[in-house]
2 protein chains.
Amino acid sequence: MASLGDLERSVMSLLWDSGQRLSANEVCEQLDEDLAVTTVLTVLSRLEKKGLVQRERTTRPHRYAATASREEHTVQMLNEVLGTVPDREAVLARFIGGVSECEAAALRKILSP
Amino acid sequence: MASLGDLERSVMSLLWDSGQRLSANEVCEQLDEDLAVTTVLTVLSRLEKKGLVQRERTTRPHRYAATASREEHTVQMLNEVLGTVPDREAVLARFIGGVSECEAAALRKILSP
DNA sequence: GAAACAGTTCTACATTGTGTAGAAACTTGT
DNA sequence: ACAAGTTTCTACACAATGTAGAACTGTTTC
């Protein structure tokens, strides 16, 4: 349910990079493309409805921020993908089989008790 | 680019479960829903275009099979998700931080040299 | 407090992906 | 050559997304 379009992804990326609460105008300016503010507002609303963005309604202009960090969100995505298969560990085994030795070492370190 | 709709997913699931090359008719029969064969053929064609399904055109009826195993395909999805972030390992670290002790043990075993 | 302005919501339209299937075209055994 | 089975073409509905104008609302200023 949390698939994002290109523009939605750009906006999230922006919010993640600047850990700040941004106004729609700020988001609009910082985007590479040259879009109408209403466009950005629409996208922000949609992201809010999807639960990816949190909006401060008390201030004027409203300020928007990502509800979860990029990492948290991506982990959620990973788990969503893993939820589509019957044997989660089989997939993880194969995933690990495909990573570089370098990354494998990093994973070992993370896992070491 | 490899997001699947519900029906597409059902069909893939079927092809994965039966490791066989199936005809459109067989797929159609084995699906729970009661669909027209042409519907199944459309979906199979779309899956072929996406590269998820391979079709034997020499036989009559054509036979369809998944190009990659469910695990391979899911790993590809995982890597696609991981490709959207700048710091892949940060995500993996967080992912591992969230798994059960049981699964962590399994991962350690897979990673052990 | 009315006007000007900034910001937000509503509404709308185009495009694309997906589910769905009939009509038309094609293949093959008899 | 025809009937039966199979595939391709075409088509339509519905949802998600990109896009933005029109209308509304809240704020500031004279």
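By convention in this document, chain letters (A, B, ...) are assigned in the order of the sequence lines, proteins followed by strands, and residues within each chain are numbered from 1. What you see is a predicted model; the values in this text were computed from it and never measured.
- Residue A:Arg57 is classed as a sugar-phosphate contact, given heavy-atom separations below 4.0 Å to backbone atoms only.
- A salt bridge does not link B:Glu8 with B:Arg46: every distance from a Lys NZ or Arg NE/NH1/NH2 to an Asp or Glu carboxylate oxygen is 4.0 Å or more.
- Between B:Asp6 atom CG and D:dC14 atom P the separation is 17 Å, expressed in whole Å.
- A:Leu92 and A:Met77 fall within a single hydrophobic cluster, where Ile, Leu, Val, Met, Phe, Trp and Tyr are joined by side-chain heavy atoms under 4.5 Å apart, directly or via other members.
- Listed by residue number, B:Thr39, B:Thr42, B:Arg46 are the residues of residues 39-49 of chain B with a heavy-atom contact under 4.0 Å to DNA chain C.
- Toward the 5′ end of DNA chain D lies the nearest nucleotide of A:Leu4, the other residue of the pair A:Leu4 and A:Ala36 mapping further downstream.
- Atom CG of A:Leu31 is separated from atom P of D:dT19 by 10 Å (rounded to the nearest Å).
- For A:Glu8 and D:dA15, the CD to C1' distance is 13 Å, given to the nearest whole Å.
- A salt bridge links B:Glu48 with B:Arg57: at least one charged nitrogen is closer than 4.0 Å to a carboxylate oxygen.
- One interatomic measurement links the two molecules: OH of B:Tyr64 to C1' of D:dT7, which rounds to 7 Å at whole-angstrom precision.
- Proximity of B:Thr38 to the phosphate of C:dA24: no side-chain N or O atom is located under 4.0 Å from OP1 or OP2.
- For B:Met12 and C:dG19, the CE to P distance is 13 Å, given to the nearest whole Å.
- We find that CZ of A:Arg60 is positioned 12 Å from C1' of C:dC5, with the value rounded to whole Å.
- Ion pairing between B:Arg108 and B:Glu101 holds under the 4.0 Å rule for side-chain N and carboxylate O.
- Nearest heavy atoms, A:Phe95 versus B:Arg88: CZ-NH2, 3.6 Å.
- Between A:Arg70 and A:Asp17 there is a salt bridge, since a side-chain N of the basic residue sits under 4.0 Å from a carboxylate O of the acidic one.
- From A:Gln30, atom CD reaches atom CG of A:Leu15 across 9.0 Å, with rounding to the nearest 0.5 Å.
- Regarding contacts with the backbone of C:dG7, a side-chain N or O of A:Asn25 is found under 4.0 angstrom from either OP1 or OP2.
- If you measure from atom NE2 of A:His62 to atom C1' of C:dT9, you get 10 Å, rounded to the nearest angstrom.
- Using a 4.0 Å heavy-atom criterion, one finds that B:Arg55 contacts the sugar-phosphate atoms exclusively.
- The CG-C1' distance, from A:Leu7 to D:dA16, rounds to 13 Å in whole Å.
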